[in-house]
Enquirer: 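This is the structure, below, for whatever I ask next.
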Amino acid sequence: MNSFLSSSGARIRGDEYQHLIGWIQVIRAALPNSNVVEIGIEDPDAGNADDVTIYKSNGPNEFFQIKSAVDGRGIAN
């Protein structure tokens with residue numbers, strides 16, 4: 001039996017992982033004294049780090065490029 005994900009399975013897994021990181025940022029934004037004003041997923045204005053973006057009212061914004069490995073044979077890059 002093949003234990004590797006198909007290419008569409010790998011894509012779905014990667015999208016789910018990206019959305020999980022996005023939801024974690026939503027929880028962070030709901031904390032008291034959060035200065036987060038906007039959270040983006042696949043943000044067209046973020047350039048190369050567009051997977052999850054955190055825009056703040058003050059301080060530096062945060063940009064995440066999310067990767068998920070299909071199996072443990074190699075690193076995600």
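By convention here, the first residue in the shown sequence is residue 1.
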Enquirer: Answer with yes or no whether the hydrophobic clustering places Ile66 together with Val26; edges join I, L, V, M, F, W, Y residues whose side-chain heavy atoms lie under 4.5 Å apart.
Expert: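 Yes, it is one cluster - the side chains of Ile66 and Val26 are joined through contacts under 4.5 Å.
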
Enquirer: side-chain contact (heavy atoms from CB on, under 4.5 Å), that's the test. Do Val36 and Tyr55 meet it? Break it down for me.
Expert: CA-CA 6 Å; Val36 173; Tyr55 294 98; over 6 Å; no

Enquirer: Checking the side chain of Asp50 only, and the main-chain atoms of Glu42 only, is there a donor and an acceptor separated by less than 3.5 Å?
Expert: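 Pair absent, no side-chain N/O of Asp50 close to backbone of Glu42.
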
Enquirer: Distance check, rounded to the nearest 0.5 Å: Asn61 atom CG versus Glu38 atom CD?
Expert: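 It is 9.5 Å, given to the nearest 0.5 Å.
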
Enquirer: Just by distance, no angles: are the side chains of Gln25 and Glu62 close enough, under 3.5 Å, to form a donor-acceptor pair?
Expert: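 No.
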
Enquirer: Which heavy atom of Thr53 sits nearest a heavy atom of Phe63, and at what distance?
Expert: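 Between these two residues, the closest heavy atoms are CG2-CD2, 3.4 Å.
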
Enquirer: Pick one: which of Ile39, Asp45, Ile41 meets side-chain contact (heavy atoms from CB on, under 4.5 Å) with Asp43?
Expert: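 Checked Ile39, Asp45, Ile41 against Asp43; only one passes side-chain contact (heavy atoms from CB on, under 4.5 Å): Asp45.
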
Enquirer: Over all heavy atoms of both residues, which pair between Asp51 and Gln65 is shortest? Give the atoms and the distance, please.
Expert: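 Nearest heavy atoms, Asp51 then Gln65: OD2-NE2, 3.2 Å.
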
Enquirer: Please round to the nearest 0.5 Å and tell me the distance separating atom CG of Asp15 and atom CG of Leu20.
Expert: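 Here the interatomic distance stands at 12.5 Å.
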
Enquirer: Above 12 or not: heavy atoms from other molecules or residues under 6.0 Å from CZ of Phe64?
Expert: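 Yes, CZ of Phe64 has more than 12 neighbouring heavy atoms, counting only those of other groups under 6.0 Å.
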
Enquirer: Answer whether the closest heavy-atom distance between the side chains of Asn35 and Asn33 falls below 4.5 Å.
Expert: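 No, too far: nothing below the 4.5 Å cut-off.
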
